Amino acid sequence: MDQELIINKTKKYIKDRLFGEGSGHDWYHVERVYKMAEYIGKKEGADLFIVRMAALMHDVSDHKFHKGNSDIGALITKEWLEQLRVEKSIVQIVTKIVKTISFKAGTVNSNQDSLEGKVVQDADRLDAIGAIGIARTFTYGGKKEREIFNPDIKPREYVDYKEYIKTKNHTINHFYEKLLLLKDLMNTETAKKIALERHELMERYLKQFMMEWDGLDFG
Ligand code: NI
């Protein structure tokens, strides 16, 4: 099967699977990551077939919805690619990228050893910051029944992923514990440039949020 056909079949498969998902990991997230990864991949000289396939598969089974089992996504990916008779060495790389891409409060080693992994990870992280990142963050917080903000709960560093998902937290903390750290975690120069503007927007947003919270913008 030629690569274009494989990609189109995979797009349809993922679209059917994730369409209408309501927590910010829907098909449109995957589509944005796909386009961004394609753009970064071209600039950085990565293998675009691997980049495209990994971008499409990266959230096929998000760990947040499978109780921390990040192996499920890798397993589904392996089976899907084998069924399409993708070359063994490529199946291996794509599966590894899917397995290791999540942030997970910094506890699981998510370092990417392939350029293609670095590219897709950057694209995924870029979708977590900026205007869309803000929208996704509050949507996810709502799904988890988290408060928007609680001034009594201060941000902290998490060393343990299990503790991180167990802790009752509010969404504003998520900016300080994760999202504002992402610009310095970008792998590629192309992504670093894009991250800068998105990062600045989040800082402006938080500043305005606190101003309104404290009532400093009236009277
Ligand atoms: Ni994602």
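Only a predicted model underlies this, so the values are computations on that prediction, with no experimental measurement involved.
Under a 3.5 Å cut-off, the side chain of Lys118 and the backbone N or O of Gln112 do form a donor-acceptor pair. With hydrogens and angles ignored, the 3.5 Å screen pairs no side-chain donor or acceptor of Lys88 with any backbone N or O of Arg85. Within the 3.5 Å criterion, the main-chain N or O of Ala191 finds no donor-acceptor partner in the side chain of Asp122. Listed for the Arg52 side chain is no donor-acceptor partner under 3.5 Å among the backbone atoms of Ile7. No side-chain donor-acceptor contact under 3.5 Å links Arg125 to the backbone of Met186. No donor-acceptor pair closer than 3.5 Å links the side chain of His58 to the backbone N or O of Ile101.
Tyr28 OH: 12 or fewer foreign heavy atoms inside a 6.0 Å radius. Within 6.0 Å of CD on Glu82 lie more than 12 heavy atoms contributed by other residues, nucleotides or ligands. No more than 12 heavy atoms of other residues, nucleotides or ligands shown are found within 6.0 angstrom of NZ on Lys78. Counted within 6.0 Å of CD on Gln92, heavy atoms from surrounding residues, nucleotides or ligands total 12 or fewer; the atom is thus considered open. Counting non-hydrogen atoms of other residues, nucleotides and ligands closer than 6.0 Å to CD1 of Ile148 gives a total of 12 or fewer.
Minimum interatomic distance between Ala123 and Ala37 (heavy atoms only, all atoms of both residues): CB-N, 3.6 Å. For the residue pair Pro155 and Glu177, the shortest heavy atom distance occurs at CA-OE2, 3.5 Å.
A salt bridge links Glu189 with Lys192: the closest approach of a Lys/Arg side-chain nitrogen to an acidic carboxylate oxygen falls below 4.0 angstrom.
Side-chain contact annotation: Asp26 with His29, donor-acceptor N/O pair under 3.5 Å absent. Counted by atom type alone, Gln121 and Asn187 present one or more donor-acceptor pairs between their side chains at under 3.5 Å. Counted by atom type alone, Glu212 and Gln208 present one or more donor-acceptor pairs between their side chains at under 3.5 Å.
With contacts defined as side-chain heavy-atom distances shorter than 4.5 Å, the pair Lys9/Lys12 does not qualify. Taking the side chain as every heavy atom from C-beta outward, Arg17 and Ile76 approach each other to under 4.5 Å. Residues Tyr140 and His174 form no side-chain contact, since every pair of their non-hydrogen atoms from C-beta on lies 4.5 Å or further apart. The closest side-chain heavy-atom distance from Met36 to Ile194 is below 4.5 Å. A heavy-atom distance below 4.5 Å is not found between the side chains of Asn169 and Lys144. For the pair Val51 and Asp47, the minimum side-chain heavy-atom distance is 4.5 Å or more. Using a 4.5 Å heavy-atom threshold, the side chains of Lys154 and Tyr176 count as separate. Between Glu203 and Phe175 the shortest side-chain heavy-atom distance does not fall below 4.5 Å.
Both Val30 and Leu126 sit in one connected hydrophobic cluster of ILVMFWY residues. Membership requires side-chain heavy atoms under 4.5 Å apart, directly or through other members. Note on Leu179: it does not cluster hydrophobically with Ile153, by side-chain heavy-atom contacts below 4.5 Å among ILVMFWY residues. Hydrophobic cluster membership is shared by Trp80 and Ile90, with clusters built from Ile, Leu, Val, Met, Phe, Trp and Tyr side chains linked at under 4.5 angstrom. Cluster annotation: Leu48 and Leu84 are assigned to distinct hydrophobic clusters (Ile/Leu/Val/Met/Phe/Trp/Tyr, side-chain heavy-atom contacts under 4.5 Å, transitive). With hydrophobic clusters built from ILVMFWY side chains whose heavy atoms lie under 4.5 angstrom apart, Leu18 shares a cluster with Tyr13.
A parallel orientation is assigned to the rings of Trp213 and Phe209, their planes being inclined by less than 30° (bins at 30° and 60°).
With rounding to the nearest 0.5 angstrom, the NZ atom of Lys193 is 9.5 Å from the OG1 atom of Thr188. A distance of 12.0 Å separates CD of Glu87 from CG of Leu81, quoted to the nearest 0.5 Å. A distance of 10.5 Å separates CG in Leu115 from CD1 in Ile93, rounded to the nearest 0.5 Å. Distance check, rounded to the nearest 0.5 Å: OG1 of Thr10 to CE of Met57 gives 6.5 Å. Going from atom OG1 of Thr77 over to atom CG of Asp71 covers 11.0 Å, rounded to the nearest 0.5 Å.
The one candidate from Lys43, Glu44, Lys42 that meets the side chain to side chain donor-acceptor pair (under 3.5 Å) condition with Thr190 is Glu44.
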